[in-house]
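Okay, so here's the structure we're looking at.
Throughout, a chain's letter reflects where its sequence line sits, starting with A, and its residues are numbered from 1. These figures come from a predicted structure and were not determined experimentally. Only this structure's heavy atoms are used, side chains among them; waters, hydrogens and symmetry mates stay out.
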There are 2 protein chains.
Amino acid sequence: MTFSYSGRVTEQVMRRPVAGVTVTVDLVIFTVRQERLQVLLIERGQGPFLGQRALPGGFIRPGETLDEAACRELWEETGLDSRQLHLEQLRAYSEPSRDPRGRVITVAYLALGPDLPLPVAGTDAAAAHWTPVYAPDGKGLSLAFDHDEILRDGLERARSQLEHTTVAAAFCPEPFTIAELRGIYEAVWGFKLDPSNFRRKVTRTEGFLNPTGGRRFPDVGRPAALYQRGPAELLLPPLLRTSEVAFL
Amino acid sequence: MTFSYSGRVTEQVMRRPVAGVTVTVDLVIFTVRQERLQVLLIERGQGPFLGQRALPGGFIRPGETLDEAACRELWEETGLDSRQLHLEQLRAYSEPSRDPRGRVITVAYLALGPDLPLPVAGTDAAAAHWTPVYAPDGKGLSLAFDHDEILRDGLERARSQLEHTTVAAAFCPEPFTIAELRGIYEAVWGFKLDPSNFRRKVTRTEGFLNPTGGRRFPDVGRPAALYQRGPAELLLPPLLRTSEVAFL
DNA sequence: CCAAAAGTGTTGCGTCTACACCCATGG
DNA sequence: CCATGGGTGTAGACGCAACACTTTTGG
């Protein structure tokens with residue numbers, strides 16, 4: 001199968017609207033596993049940047065919104081269900097040289113979810129792997145296309161969202177403890193938080209956490225109360241990351 | 001120029017990328033004039049929604065980034081120079097039914113600038129008019145396409161940006177007084193601020209305002225010191241709009 | 001008992017709101 | 001002098017970082 005885009009580089013054409021722009025969606029999917037922030041990357045099986053790592057994504061289809069395309073790609077490439085994750089649009093990237101195949105504009109999405117197993121049943125998802133965002137050597141990941149930039153933007157957006165919204169709970173498989181929720185903040189922000197002050201802040205915010213009544217018994221120490229996500233979306237007042245600066 | 005993309009042959013039609021997507025940029029351009037927040041609208045001279053008001057915008061061209069297209073449209077449709085405004089990407093809108101002409105995805109931009117004259121010299125800009133965002137009757141503006149939604153999103157983004165960044169100064173022709181800067185916040189947020197507390201906050205933030213040494217003599221009252229924009233971009237700590245809720 | 005983690009209390013510091021007050025100008 | 005808006009001072013409320021302290025479990 002082939003599709004072609006034909007254009008001529010004359011003055012006339014320059015003023016004509018671009019009919020053949022190709023639009024893709026790319027996904028920055030974060031989770032926290034092994035106490036580290038990890039991003040889902042695929043190994044490219046074809047085309048440019050073959051063998052290199054990249055964000056999952058793909059072309060949009062005729063009747064689809066970008067949101068729908070993002071959900072579909074999420075499913076096709078990772079086997080994850082969009083109902084289990086928080087999904088939001090990041091922004092569009094449009095450098096003409098960003099894709100060697102031609103004019104491809106991509107709209108990036110940010111997805112945040114719990115540490116789910118990736119059903120690798122024979123699909124494209126076979127090439128998908130969780131990868132720590134903070135490399136041990138502190139170097140970047142060097143992804144295909146402009147995906148390093150997209151990843152940076154996604155990381156900054158995720159960090160900011162944790163301050164102002166309750167999305168952090170989307171990282172936690174229910175039911176979860178306050179210590180687990182705190183672990184999310186610590187992994188995403190890259191520094192430790194005071195357990196007692198953190199607890200006060202999240203419990204004060206009405207509608208953030210619903211106590212289930214149950215408790216979790218760790219190997220050692222006092223058992224922790226269990227919670228589910230509440231209806232609140234916004235965090236008022238915000239939970240600010242002051243002073244401390246994370247690497248990357 | 002031709003480029004080709006080869007994919008698998010299964011499910012041919014559904015898996016084929018969309019070649020015919022058209023991409024536009026639309027601009028939400030805000031200014032404050034006559035102590036009110038106003039948005040630049042054009043009256044549509046053709047095509048669908050003829051005669052109805054809409055946000056300025058247009059098709060992207062082959063070699064252009066979205067940012068460049070936004071700058072160009074700004075110039076073509078309003079005669080404004082992008083160096084005089086703050087310009088940032090808002091987000092992409094992709095409902096398949098949003099444009100009756102076919103599949104058109106638009107990337108919206110937010111522009112904030114001082115109350116500049118619109119050079120209307122024979123260009124498309126003739127149809128451009130500043131329009132108060134808060135209609136006296138409290139009703140929406142009913143713009144073409146999904147531009148009401150884009151405008152709402154732009155307004156919310158502008159309000160949020162005032163809290164966390166120094167862009168408010170982009171609304172003020174230099175040099176400006178602190179009272180003028182406060183007027184920007186009041187117009188965008190839709191409620192009054194305490195003059196003395198406002199002054200303290202903005203003067204405390206290092207790099208927000210540079211005193212010129214000059215003063216402005218009003219018709220009545222003590223003269224005000226004049227300032228220029230400083231190098232700072234971020235507002236730390238943020239200037240929060242607590243409690244009060246603006247209409248719309 | 002001890003170790004470890006959950007959870008509470010308290011203190012001191014900084015910021016914000018509200019409002020009183022002073023300053024500089026034109027009339 | 002007064003009116004008007006620019007600009008400063010200050011007291012009380014509030015939020016938060018830091019850290020001591022208590023509670024609840026397993027070993």
Side-chain angles (χ1 to χ4, degrees), chain A residues 35 162-164 169 172 175-187 189-206 208-228 234-246, chain B residues 35 162-164 169 172 175-187 189 191-206 208-228 234-245:
Chain A
E35 301 179 11
L162 256 55
E163 290 188 320
H164 300 101
C172 297
F176 54 89
T177 68
I178 290 186
E180 287 167 352
L181 184 65
R182 176 165 45 84
I184 302 298
Y185 277 86
E186 293 176 340
W189 284 352
F191 52 83
K192 294 290 177 189
L193 296 172
D194 182 302
S196 44
N197 292 331
F198 179 82
R199 138 172 278 280
R200 250 188 297 258
K201 285 194 228 184
V202 296
T203 52
R204 179 177 352 152
T205 304
E206 200 70 26
F208 191 178
L209 303 176
N210 284 130
T212 66
R215 292 195 296 170
R216 176 164 299 161
F217 293 79
D219 288 350
V220 62
R222 174 174 171 174
L226 290 170
Y227 298 85
Q228 289 176 332
L234 261 51
L235 217 40
L236 295 171
L239 190 46
L240 300 171
R241 47 181 163 143
T242 49
S243 60
E244 328 214 21
V245 178
Chain B
E35 300 178 11
L162 257 56
E163 290 188 319
H164 300 102
C172 297
F176 54 89
T177 67
I178 290 186
E180 286 168 350
L181 185 65
R182 176 165 46 85
I184 302 300
Y185 277 86
E186 293 176 341
W189 284 353
F191 52 83
K192 294 289 177 189
L193 296 171
D194 183 302
S196 44
N197 293 332
F198 179 83
R199 137 172 278 278
R200 249 187 297 256
K201 283 194 227 185
V202 296
T203 52
R204 181 175 32 215
T205 303
E206 200 70 27
F208 191 176
L209 302 177
N210 283 129
T212 65
R215 291 195 297 170
R216 175 164 298 162
F217 293 78
D219 288 348
V220 62
R222 174 175 172 173
L226 290 171
Y227 298 85
Q228 289 175 332
L234 260 52
L235 216 40
L236 295 171
L239 190 46
L240 299 171
R241 48 179 163 145
T242 48
S243 60
E244 327 213 21
V245 178

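- Although no hydrogens or angles enter the test, the distance criterion places no donor-acceptor pair under 3.5 Å between the side chain of R241(B) and the main chain of L162(B).
- By the salt bridge (Lys or Arg N to Asp or Glu O under 4.0 Å) test, R222(B) is found to be paired with no residue, residues two or more places apart in sequence or in another chain being considered.
- Under the rule for a ring pair (Phe, Tyr, Trp, His ring centres under 6.0 Å), the partners of F198(A) that lie at least two apart in sequence or sit in another chain are Y185(A).
- Nearest heavy atoms, L209(B) versus P211(B): O-CD, 3.8 Å.
- Note: CG (D194(B)) to C1' (dC19(C)) measures 8 Å, nearest angstrom.
- Atom CG in L240(A) sits about 13 Å away from atom P in dG15(D), given to the nearest Å.
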Discussion item. At under 4.0 Å between heavy atoms, how does the protein contact nucleotides 4-12 of chain C? Give one character per nucleotide, 5' to 3', with B, S or -.
Written reply: BBBSBBB--
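- Across all non-hydrogen atoms, the minimal contact from R200(A) to T203(A) is O-OG1, 3.1 Å.
- For the pair K201(A) and dG15(D), the criterion of a side-chain N or O lying under 4.0 Å from OP1 or OP2 is not met.
- For N210(A), the side-chain hydrogen bond (donor to acceptor under 3.5 Å, both in side chains) criterion is met by no residue, not counting sequence neighbours.
- Between E163(B) atom CD and dC16(C) atom C1' there is a gap of 15 Å when expressed in whole angstrom units.
- Distance CZ (F198(B)) to P (dT8(D)): 14 Å, rounded to an integer number of Å.
- Side chain of T212(B) to main chain of L226(B): a donor-acceptor pair is present (N/O by atom type, distance under 3.5 Å, no hydrogens or angles).
- Within residues 208-217 of chain A, no residue has any heavy atom under 4.0 Å from DNA chain C.
- To the nearest angstrom, C1' of dC16(C) lies 11 Å from CG of L239(B).
- With sequence neighbours left out, the salt bridge (Lys or Arg N to Asp or Glu O under 4.0 Å) criterion links E186(A) to R182(A), K192(A).
- Distance CG (L193(A)) to P (dC16(D)): 13 Å, rounded to an integer number of Å.
- Here the closest heavy-atom approach between residue L240(B) and residue W189(B) is recorded as C-CH2, 4.3 Å.
- L226(B) places its CG atom 12 Å from the P atom of dG6(D), with the value rounded to the nearest Å.
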